[in-house]
*Asks:* 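Quick one: this structure, given as structure tokens, is what I'll be asking you about.
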Amino acid sequence: FWHVKCFLIIIKILFTNNKGEKFMLNKTIHSLLPALGKNLLRLSAFSIVLAFSFNAFAQEEVATSAVSGEVAYILNTFLFLVCGFLVMFMAAGFCMLEAGQVRSKNTAVICLKNIGLFSIAGLMYYLIGYNLMYDGVDGGYLGSFSIFDRSSDVDIETGYAAASDWFFQMVFVATTASIVSGALAERILIWPFFLFVALLTGFVYPIAGSWQWGGGWLSEMGFSDFAGSTLVHSVGGWAALAGAIMLGAREGKFLPDGSVQTLPGCSLPMTTLGVFILWLGWFGFNGGSQLALGSGADATAVADIFVNTNLAAAGGVIACMIVSKLTNSHTNIAATLNGAIAGLVAITAEPLTPSMGQAIIIGAIGGIICMYGMKLMDILKIDDVVMAIPAHLLAGIWGTLVVAWTNPDASFYVQLVGVISYGAFAFIASLIIWFFIKMVIGIRADKDDEEYGLDMSELGTMSYPDFTKSK
């Protein structure tokens with residue numbers, strides 16, 4: 001085995017840093033040169049085999065070794081920031097969807113409401129919301145009433161920059177407020193609406209969030225809501241439902257004979273664009289909720305989440321297209337577009353553990369629930385302009401309950417307790433807030449302003465002056 005000895009000496013020379021040891025090893029190699037010349041071919045072949053074996057071993061070591069704490073810190077922070085601005089872009093999606101669903105005389109108000117609510121959500125989450133949701137919950141019901149104090153120190157042990165976590169969580173609370181905006185469109189006054197948004201994003205949502213993501217009592221019970229089917233979407237849906245009940249329907253929506261009047265929006269292309277933007281943003285919504293990118297397992301999980309999120313949305317679309325065609329003489333585009341959103345909402349509670357087939361089924365059933373929920377809203381005489389309540393509330397409930405099907409660590413009973421608890425708190429709290437705002441300053445535009453559009457009465461301008469009549 002002289003050639004094995006020779007190869008090992010060569011390897012040792014390459015990897016040692018001791019000059020004296022290198023000198024002695026070189027002398028040994030020179031003493032073996034006569035035999036080396038006679039067996040050069042065999043030594044070369046053997047060296048190549050061992051080199052490739054060594055290289056494969058080294059690659060395996062690299063693949064299985066974890067990154068350093070600092071690299072994990074960088075990757076996790078990067079995930080929060082990139083996924084955060086994807087979720088932030090969903091605000092544009094909500095704006096486009098709502099602007100397309102309302103009549104042209106109300107589109108400017110929709111634009112102002114969406115940029116206003118996003119700004120209010122950010123300020124309220126800084127002033128009180130974040131710490132109320134995360135600071136010192138410890139299995140209880142709420143955190144502390146204090147301002148978020150950003151630390152710019154690099155604390156490797158936390159795993160991410162503090163500001164990146166605040167940013168990622170903030171865009172979620174803005175999403176909750178956006179759900180309310182569309183449902184109450186075309187008759188809600190903007191400043192009472194903004195007051196409600198401030199209370200929702202500063203108090204209602206953070207308290208609800210503390211129960212699960214803040215380590216509160218529902219988290220201790222084992223409730224599971226990965227990215228917020230209930231915590232974000234159902235809470236927003238319950239707040240919208242309370243507002244719709246307190247506000248009442250638009251003029252002409254429900255006729256005295258009991259029939260339902262369709263009040264078509266001004267732009268289906270704009271609505272469709274909004275849905276596509278929301279679909280794109282949802283990859284950040286669900287993928288970022290893995291909350292880590294510092295290992296191969298985390299990276300694989302994020303990829304799986306992206307795929308399941310996409311398939312659930314596709315399942316919601318196709319299911320609504322097929323069912324609406326089979327039950328009507330035409331394919332319902334409004335139900336189809338909402339089917340995409342409902343599929344996304346449904347998979348949000350658990351986008352990681354389902355198989356690809358299960359993700360399609362979850363999204364498809366979510367879409368169908370939303371489609372028939374739209375019919376239920378008309379039966380109950382509840383006017384939801386963009387049908388946010390079926391898409392976010394009903395599909396969110398479905399998605400939260402079905403977690404027990406794909407996640408062996410979840411319990412259907414605990415999931416049901418969570419759904420009921422969030423529903424009771426969010427609905428009752430929102431109803432009380434809407435009631436007091438209505439009593440103190442009023443929440444609804446008068447009939448004249450509603451007829452001619454809130455763009456003029458609230459903003460003194462028009463989005464489409466050629467298509468909007470004035471008083």
*Asks:* Can you tell me if Thr348 and Ser229 form a side-chain donor-acceptor pair at under 3.5 Å?
*Replies:*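 There is no such pair between these side chains.
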*Asks:* State, to 0.1 Å, how close Val204 and Ala429 come at their nearest heavy-atom pair, and which atoms those are.
*Replies:*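 Smallest heavy-atom distance, with atoms named: CG2-CB, 4.3 Å.
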*Asks:* At their closest point, which heavy atom of Cys111 faces which heavy atom of Cys95, and how far apart are they?
*Replies:*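 For Cys111 versus Cys95, the nearest heavy atoms are CA-SG, 3.9 Å.
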*Asks:* Using the benzene-type ring in the case of Trp, are the ring centres of Phe80 and Tyr160 under 6.0 Å apart?
*Replies:*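 For Phe80 and Tyr160, the ring centres are under 6.0 Å apart.
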*Asks:* Would a distance-only check, ignoring hydrogens and angles, find a side-chain to backbone donor-acceptor pair under 3.5 Å from Glu458 to Leu189?
*Replies:*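 Side chain of Glu458 to backbone of Leu189, a donor-acceptor pair under 3.5 Å: no, none is there.
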*Asks:* As a quick check of understanding, evaluate side-chain contact (heavy atoms from CB on, under 4.5 Å) for Val171 and Thr175, giving each step before the final call.
*Replies:* CA-CA 6 Å; Val171 292; Thr175 299; 5.6 Å; no
*Asks:* Is Ser181 reaching over with its side chain to a backbone N or O of Ala177, donor-acceptor style, under 3.5 angstrom?
*Replies:*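 Between the backbone of Ala177 and the side chain of Ser181 there is no qualifying donor-acceptor contact (under 3.5 Å).
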*Asks:* Flag the pair Asp384 / Pro390 as yes when at least one side-chain heavy-atom distance between them is below 4.5 Å, and no otherwise.
*Replies:*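 Answer yes - side chains close enough.
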*Asks:* Between CG of Asn76 and CG of Leu79, what distance do you get to the nearest 0.5 Å?
*Replies:*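 Atom-to-atom, Asn76:CG and Leu79:CG are 7.0 Å apart.
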*Asks:* Could you point out which residue of Arg444, Lys105, Arg250 forms a side-chain hydrogen bond (donor to acceptor under 3.5 Å, both in side chains) with Glu450?
*Replies:*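 Only one of Arg444, Lys105, Arg250 forms a side-chain hydrogen bond (donor to acceptor under 3.5 Å, both in side chains) with Glu450, namely Arg444.
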*Asks:* Inspect the surroundings of CD1 in Ile115 and state if more than 12 heavy atoms from other residues, nucleotides or ligands are less than 6.0 Å away.
*Replies:*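 No.
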*Asks:* Any side-chain to backbone donor/acceptor pair from Thr77 onto Ile74? Under 3.5 Å, distance only.
*Replies:*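 Not a single qualifying donor-acceptor pair exists.
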*Asks:* If you count every heavy atom of other residues, nucleotides or ligands that lies below 6.0 Å from Phe254 atom CZ, does the total exceed 12?
*Replies:*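 Count over threshold, so yes.
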*Asks:* Return the minimal non-hydrogen interatomic distance between Ser210 and Leu132, and the atom names on each side.
*Replies:*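 Distance-wise, the nearest heavy atoms are CB-O, 3.8 Å.
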*Asks:* Could you check whether Trp434 and Phe196 have their ring centres less than 6.0 Å apart?
*Replies:*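 Yes.
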*Asks:* Evaluate Trp398 against Val402 for side-chain contact (heavy atoms from CB on, under 4.5 Å), listing each step before the verdict.
*Replies:* CA-CA 6 Å; Trp398 154 248; Val402 80; 3.5 Å; yes
*Asks:* What is the distance from atom CD1 of Ile156 to atom CD of Glu70, rounded to the nearest 0.5 Å?
*Replies:*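 Atom-to-atom, Ile156:CD1 and Glu70:CD are 5.0 Å apart.
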*Asks:* Return yes if some donor-acceptor pair links the side-chain N/O of Glu350 with the main-chain N/O of Leu352 below 3.5 Å, else return no.
*Replies:*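 Yes; judged by distance alone, with no hydrogens or angles, the pair exists.
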*Asks:* Return yes if some donor-acceptor pair links the side-chain N/O of Asn131 with the main-chain N/O of Ser144 below 3.5 Å, else return no.
*Replies:*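 Not a single qualifying donor-acceptor pair exists.
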*Asks:* Is there a donor-acceptor pair closer than 3.5 Å between any side-chain N or O of Gln415 and the backbone N or O of Thr400?
*Replies:*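 Indeed, once roles are kept as given, a pair shorter than 3.5 Å links the two residues.
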*Asks:* Could you check whether any side-chain heavy atom of Ile433 comes within less than 4.5 Å of a side-chain heavy atom of Phe203, counting everything from C-beta outward?
*Replies:*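 No. Closest side-chain heavy atoms not under 4.5 Å.
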*Asks:* Would you say the ring centers of Tyr422 and Trp211 fall short of 6.0 Å from each other?
*Replies:*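 Ring-ring flag for Tyr422/Trp211: true, centres closer than 6.0 Å.
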*Asks:* Say whether, by atom type as modelled, one donor and one acceptor occur between the side chain of Ser463 and the main chain of Ala108 under 3.5 angstrom.
*Replies:*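 The answer is yes, because a donor-acceptor pair under 3.5 Å joins these two groups.
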*Asks:* Under 6.0 Å between the ring centres of Trp282 and His233?
*Replies:*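 Distance test on ring centres: under 6.0 Å, yes.
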*Asks:* Step through it carefully: locate the ring centre of Phe172, locate the ring centre of Phe285, and say whether they are under 6.0 Å apart.
*Replies:*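 Between Phe172 and Phe285, the centre distance is under 6.0 Å.
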*Asks:* May I ask you to check whether Tyr130 and Tyr134 place their ring centers less than 6.0 Å from one another?
*Replies:*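 Yes, they do, as the ring centres are separated by less than 6.0 Å.
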*Asks:* Answer yes or no: is there a side-chain heavy-atom contact under 4.5 Å between Val154 and Tyr73?
*Replies:*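 Heavy-atom side-chain distance check passes, below 4.5 Å.
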*Asks:* Under the 3.5 angstrom rule, does the side chain of Ser324 hit a backbone N or O of Asn332 as a donor-acceptor pair?
*Replies:*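 Side chain of Ser324 to backbone of Asn332: a pair is present.
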*Asks:* CG/Asp165 to OG1/Thr158 distance, rounded to the nearest 0.5 angstrom?
*Replies:*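 Answer rounded to 0.5 Å: 9.0 Å.
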*Asks:* For a side-chain contact (heavy atoms from CB on, under 4.5 Å) check, start with the C-alpha distance between Met321 and Ile318, then their side-chain angles and the critical distance, and finish with the verdict.
*Replies:* CA-CA 5 Å; Met321 288 173 62; Ile318 300 303; 4.1 Å; yes
*Asks:* Do the charged groups of Arg187 and Glu251 touch, with an N to O distance under 4.0 Å?
*Replies:*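 Salt bridge flag = no for Glu251 with Arg187.
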*Asks:* Between Trp213 and Asp225, which heavy-atom pair has the shortest distance, and what is it?
*Replies:*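 Closest pair (atom of Trp213, atom of Asp225, distance): NE1-O, 3.0 Å.
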*Asks:* Compute whether any side-chain donor of one residue and acceptor of the other, for Asn286 and Thr309, lie under 3.5 angstrom apart.
*Replies:*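 On atom types as modelled, these side chains qualify, holding a pair under 3.5 Å.
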*Asks:* How far does CE of Met377 sit from CG of Leu241, to the nearest 0.5 angstrom?
*Replies:*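 Between atom CE of Met377 and atom CG of Leu241 there are 6.5 Å.
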*Asks:* Do Asn310 and Trp279 have side-chain heavy atoms sitting under 4.5 Å apart?
*Replies:*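 SC-SC contact between Asn310 and Trp279 confirmed.
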*Asks:* Would a 4.5 Å heavy-atom cut-off, applied to side chains only, mark Asp446 and Asp449 as touching?
*Replies:*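 Contact flag for Asp446/Asp449 side chains = yes.
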*Asks:* How far apart are the closest heavy atoms of Gly252 and Gln261, and which atoms are they?
*Replies:*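 In this case the closest contact between Gly252 and Gln261 is O-CB, 3.0 Å.
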*Asks:* Distance only, no hydrogens: is a donor on one side chain within 3.5 Å (strictly under) of an acceptor on the other, for Asp298 and Ser295?
*Replies:*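 Side-chain D/A pair, Asp298 to Ser295: present.
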*Asks:* Pair Ile362, Thr406 - check side-chain contact (heavy atoms from CB on, under 4.5 Å), show working.
*Replies:* CA-CA 10 Å; Ile362 291 169; Thr406 64; 4.2 Å; yes
*Asks:* Return the minimal non-hydrogen interatomic distance between Ser146 and Asp135, and the atom names on each side.
*Replies:*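 For Ser146 versus Asp135, the nearest heavy atoms are OG-OD2, 4.1 Å.
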*Asks:* Do the non-hydrogen side-chain atoms of Leu200 and Val180 ever get within less than 4.5 Å of each other?
*Replies:*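 SC-SC contact between Leu200 and Val180 confirmed.
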*Asks:* Find the distance between CE (Met270) and CG (Leu97) and round it off to the nearest 0.5 Å.
*Replies:*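 One finds 11.0 Å between CE of Met270 and CG of Leu97.
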*Asks:* Please check if the number of heavy atoms outside Phe425 that lie under 6.0 Å from its CZ is greater than 12.
*Replies:*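 Above 12, so yes.
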*Asks:* Tell me whether Ser355 contacts the main-chain N or O of Gln358 through its side chain, where contact means a donor paired with an acceptor under 3.5 Å.
*Replies:*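 Between the backbone of Gln358 and the side chain of Ser355 there is a qualifying donor-acceptor contact (under 3.5 Å).
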*Asks:* How long is the straight-line distance from CD1 of Ile120 back to NZ of Lys113, given to the nearest 0.5 Å?
*Replies:*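 Result: 11.5 Å between the selected atoms.
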*Asks:* Quick one: are Ser224 and Asp409 in side-chain contact, heavy atoms under 4.5 Å?
*Replies:*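 No, side chains not in contact.
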*Asks:* Check whether any side-chain heavy atom of Ser178 sits under 4.5 Å from a side-chain heavy atom of Asn114, and report yes or no.
*Replies:*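 A side-chain contact exists here, since the closest heavy-atom pair is under 4.5 Å.
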*Asks:* Taking Phe223's backbone N and O only, do any of them form a donor-acceptor pair with Gln212's side chain (distance below 3.5 Å, no angle check)?
*Replies:*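 Yes, the answer is positive, given that a donor and an acceptor are paired below the 3.5 Å cut-off.
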